[in-house]
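Here the structure is laid out as C-alpha coordinates; the discussion comes afterwards.
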Amino acid sequence: QVQLVESGGGSVQAGGSLRLSCAASGYILSFTCMGWFRQAPGKEREGVAGIYLAGGSTYYADSVKGRFTISQDNAKNTLYLQMDSLKPEDTAMYYCAAARWSVGGTCYPREKNYNYWGQGTQVTVSS
(Lines give C-alpha, C1' and ligand atoms only; values in the text may rest on other atoms or scores of the structure.)
Protein backbone atom coordinates (compact mmCIF):
# COMPACT_ATOMS: atom_id res chain seq x y z
CA GLN A 1 0.00 0.00 0.00
CA VAL A 2 1.41 3.35 -1.05
CA GLN A 3 1.38 6.19 1.42
CA LEU A 4 2.43 9.80 0.84
CA VAL A 5 2.69 12.13 3.81
CA GLU A 6 3.35 15.84 3.38
CA SER A 7 4.84 18.18 5.95
CA GLY A 8 6.44 21.60 6.16
CA GLY A 9 3.50 23.85 5.46
CA GLY A 10 2.80 26.95 7.50
CA SER A 11 2.32 30.69 7.45
CA VAL A 12 4.89 33.06 6.03
CA GLN A 13 5.06 36.66 4.86
CA ALA A 14 5.39 37.54 1.20
CA GLY A 15 8.97 37.17 0.04
CA GLY A 16 9.66 34.40 2.51
CA SER A 17 10.50 30.74 1.98
CA LEU A 18 9.18 27.33 2.97
CA ARG A 19 10.30 23.80 2.21
CA LEU A 20 7.69 21.10 1.86
CA SER A 21 8.53 17.43 2.32
CA CYS A 22 6.71 14.32 1.16
CA ALA A 23 7.64 11.01 2.76
CA ALA A 24 6.76 8.03 0.56
CA SER A 25 6.26 4.48 1.74
CA GLY A 26 4.96 1.26 0.26
CA TYR A 27 5.75 -0.06 -3.21
CA ILE A 28 7.45 3.11 -4.34
CA LEU A 29 9.86 1.37 -6.72
CA SER A 30 7.02 1.33 -9.25
CA PHE A 31 6.83 5.13 -9.38
CA THR A 32 8.07 6.90 -12.48
CA CYS A 33 7.13 10.47 -11.59
CA MET A 34 6.39 12.45 -8.48
CA GLY A 35 4.96 15.91 -8.26
CA TRP A 36 3.43 18.72 -6.29
CA PHE A 37 -0.01 20.17 -6.81
CA ARG A 38 -1.95 22.89 -5.04
CA GLN A 39 -5.54 23.94 -4.56
CA ALA A 40 -6.63 27.36 -3.41
CA PRO A 41 -10.11 27.96 -1.98
CA GLY A 42 -12.69 28.09 -4.73
CA LYS A 43 -10.23 27.01 -7.41
CA GLU A 44 -9.37 23.78 -9.14
CA ARG A 45 -6.29 21.82 -8.21
CA GLU A 46 -3.33 22.76 -10.38
CA GLY A 47 0.06 21.23 -11.03
CA VAL A 48 3.05 23.03 -9.57
CA ALA A 49 6.12 20.87 -10.25
CA GLY A 50 7.05 17.36 -11.34
CA ILE A 51 10.18 15.23 -11.41
CA TYR A 52 11.22 12.16 -13.40
CA LEU A 53 12.60 9.94 -10.65
CA ALA A 54 15.07 7.94 -12.72
CA GLY A 55 16.67 10.81 -14.61
CA GLY A 56 15.94 13.79 -12.41
CA SER A 57 14.34 15.94 -15.12
CA THR A 58 12.10 18.57 -13.61
CA TYR A 59 9.00 20.38 -14.82
CA TYR A 60 7.37 23.55 -13.48
CA ALA A 61 4.23 25.55 -13.96
CA ASP A 62 4.95 28.99 -15.38
CA SER A 63 3.58 30.62 -12.23
CA VAL A 64 6.34 29.14 -10.05
CA LYS A 65 9.24 28.82 -12.47
CA GLY A 66 12.36 30.42 -11.02
CA ARG A 67 10.91 30.50 -7.49
CA PHE A 68 10.17 26.85 -6.65
CA THR A 69 12.53 23.89 -6.83
CA ILE A 70 11.48 20.24 -6.74
CA SER A 71 14.01 17.63 -5.64
CA GLN A 72 14.24 14.08 -4.35
CA ASP A 73 16.27 12.17 -1.78
CA ASN A 74 16.17 8.54 -2.86
CA ALA A 75 17.87 7.30 0.29
CA LYS A 76 15.10 8.82 2.40
CA ASN A 77 12.26 8.15 -0.07
CA THR A 78 11.41 11.80 0.27
CA LEU A 79 10.30 14.45 -2.20
CA TYR A 80 10.86 18.14 -1.52
CA LEU A 81 9.52 21.44 -2.76
CA GLN A 82 11.66 24.46 -1.93
CA MET A 83 9.52 27.56 -2.26
CA ASP A 84 11.24 30.95 -2.36
CA SER A 85 9.99 34.48 -3.01
CA LEU A 86 6.54 33.41 -1.92
CA LYS A 87 3.54 35.50 -2.96
CA PRO A 88 0.05 35.75 -1.46
CA GLU A 89 -1.27 33.98 -4.56
CA ASP A 90 0.78 30.92 -3.58
CA THR A 91 -1.61 30.39 -0.66
CA ALA A 92 -3.17 26.95 -1.06
CA MET A 93 -3.28 23.39 0.16
CA TYR A 94 -0.27 21.63 -1.33
CA TYR A 95 -0.43 17.97 -2.29
CA CYS A 96 2.25 15.44 -3.08
CA ALA A 97 1.45 12.88 -5.77
CA ALA A 98 3.06 9.95 -7.55
CA ALA A 99 2.58 8.37 -10.95
CA ARG A 100 3.35 4.86 -12.08
CA TRP A 101 3.95 5.88 -15.67
CA SER A 102 5.29 8.83 -17.57
CA VAL A 103 2.56 9.84 -20.01
CA GLY A 104 3.98 11.17 -23.24
CA GLY A 105 7.50 10.89 -21.91
CA THR A 106 7.06 13.73 -19.43
CA CYS A 107 6.41 14.09 -15.73
CA TYR A 108 4.75 17.47 -16.11
CA PRO A 109 2.23 17.66 -13.24
CA ARG A 110 -1.10 16.98 -14.91
CA GLU A 111 -3.58 15.70 -12.36
CA LYS A 112 -5.04 12.97 -14.57
CA ASN A 113 -1.61 11.35 -14.95
CA TYR A 114 -0.97 10.90 -11.22
CA ASN A 115 -2.27 7.87 -9.34
CA TYR A 116 -1.44 8.34 -5.66
CA TRP A 117 -2.05 11.37 -3.46
CA GLY A 118 -1.17 12.63 -0.02
CA GLN A 119 -3.53 14.43 2.32
CA GLY A 120 -2.00 17.86 1.81
CA THR A 121 -0.27 20.55 3.83
CA GLN A 122 -1.49 24.14 4.07
CA VAL A 123 0.65 27.06 2.94
CA THR A 124 -0.50 30.59 3.75
CA VAL A 125 1.37 33.65 2.48
CA SER A 126 0.42 37.03 3.90
CA SER A 127 1.10 40.38 2.26
Side-chain angles (χ1 to χ4, degrees):
Q1 183 177 357
V2 171
Q3 190 172 20
L4 303 174
V5 180
E6 303 96 336
S7 62
S11 297
V12 64
Q13 289 191 325
S17 298
L18 283 173
R19 188 177 79 156
L20 306 183
S21 299
C22 172
S25 61
Y27 192 54
I28 61 176
L29 291 178
S30 64
F31 294 167
T32 300
C33 307
M34 291 192 74
W36 289 96
F37 294 75
R38 66 186 182 187
Q39 187 169 21
K43 295 187 177 182
E44 293 187 353
R45 189 154 54 185
E46 63 173 350
V48 173
I51 186 167
Y52 180 58
L53 296 178
S57 296
T58 56
Y59 308 83
Y60 296 95
D62 287 343
S63 59
V64 306
K65 206 171 290 183
R67 300 187 298 121
F68 290 11
T69 304
I70 188 172
S71 63
Q72 60 187 71
D73 185 330
N74 292 333
K76 296 181 179 179
N77 293 331
T78 301
L79 181 75
Y80 300 101
L81 184 68
Q82 177 66 40
M83 305 186 296
D84 299 317
S85 302
L86 282 162
K87 305 175 180 180
E89 51 263 44
D90 295 319
T91 295
M93 184 71 78
Y94 283 71
Y95 298 91
C96 170
R100 291 210 181 282
W101 301 282
S102 166
V103 178
T106 177
C107 290
Y108 188 85
R110 290 188 177 87
E111 185 173 358
K112 64 179 182 179
N113 296 341
Y114 281 71
N115 315 106
Y116 301 94
W117 295 85
Q119 294 300 306
T121 185
Q122 178 68 37
V123 171
T124 302
V125 184
S126 58
S127 57

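It should be emphasised that the depicted structure is a prediction, and the values quoted were computed from it without experimental measurement. Index from 1, following the sequence.
In this structure Asp73 satisfies the salt bridge (charged side-chain N to carboxylate O under 4.0 Å, His left out) test with no other residue, sequence neighbours excluded. With sequence neighbours left out, Ser57 forms a side chain to side chain contact (heavy atoms under 4.5 Å, CB included) with Tyr52, Tyr59. Scored by the side-chain hydrogen bond (donor to acceptor under 3.5 Å, both in side chains) test, Gln119 finds no partners at all (sequence neighbours excluded). For Val125, the side chain to side chain contact (heavy atoms under 4.5 Å, CB included) criterion is met by Val12, Ala14, Leu86, Pro88, Asp90, Thr91, Val123, not counting sequence neighbours. Evaluation of the ring-ring contact (aromatic ring centres under 6.0 Å, His included) rule for Tyr114 yields Phe37 as partners, not counting sequence neighbours. Taking the side-chain hydrogen bond (donor to acceptor under 3.5 Å, both in side chains) definition, one finds that Glu6 meets it with nothing, sequence neighbours left out. For the side-chain hydrogen bond (donor to acceptor under 3.5 Å, both in side chains) test, no residue two or more places apart in sequence or in another chain qualifies with Asn115. Annotation: side chain to side chain contact (heavy atoms under 4.5 Å, CB included) contacts of Asp84 (sequence neighbours excluded): Ser17, Gln82. Contacts of Tyr60 classified as ring-ring contact (aromatic ring centres under 6.0 Å, His included), with partners at least two apart in sequence or in another chain: none.
Taking the side chain as every heavy atom from C-beta outward, Arg38 and Ser63 approach each other to under 4.5 Å. Between Thr124 and Met93 the shortest side-chain heavy-atom distance does not fall below 4.5 Å. In this structure the side chain of Leu81 never reaches within 4.5 angstrom of the side chain of Thr69, judged on heavy atoms. The side-chain heavy atoms of Lys87 and Arg67, taken from C-beta on, include a pair separated by under 4.5 Å.
Here the OG atom belonging to Ser102 is positioned 8.5 Å from the CG atom belonging to Asn113, to the nearest 0.5 angstrom. Interatomic distance, Leu20 CG to Tyr94 OH, rounded to the nearest 0.5 Å: 7.5 Å.
Of all the heavy atoms in Gln122 and Ala92, the pair that sits closest is NE2-O, 3.4 Å. Taking every heavy atom of both residues into account, Met34 and Ala98 meet most closely at CG-CB, 4.1 Å.
Classification of the Trp117-Tyr95 ring pair by plane angle, with boundaries at 30° and 60°, yields perpendicular.
Sorted by first and then second residue, the disulfide bond (SG atoms under 2.5 Å apart) pairs involving residues 66-127 (not counting sequence neighbours) are Cys22-Cys96, Cys33-Cys107. Here salt bridge (Lys or Arg N to Asp or Glu O under 4.0 Å) pairs that include residues 103-126, with residues two or more places apart or in two chains, are Arg45-Glu111. Residues in residues 56-66 take part in these salt bridge (Lys or Arg N to Asp or Glu O under 4.0 Å) pairs, two or more places apart or across chains: Asp62-Lys65.
Under the 6.0 Å distance and 45° angle rule, Arg19 counts as a cation-pi partner of Tyr80.
Linking Ile, Leu, Val, Met, Phe, Trp and Tyr residues whenever their side-chain heavy atoms come within less than 4.5 Å places Leu4 and Leu53 in a single cluster.
Between the side chain of Thr78 and the backbone N or O of Lys76, at least one donor-acceptor pair lies under 3.5 Å.
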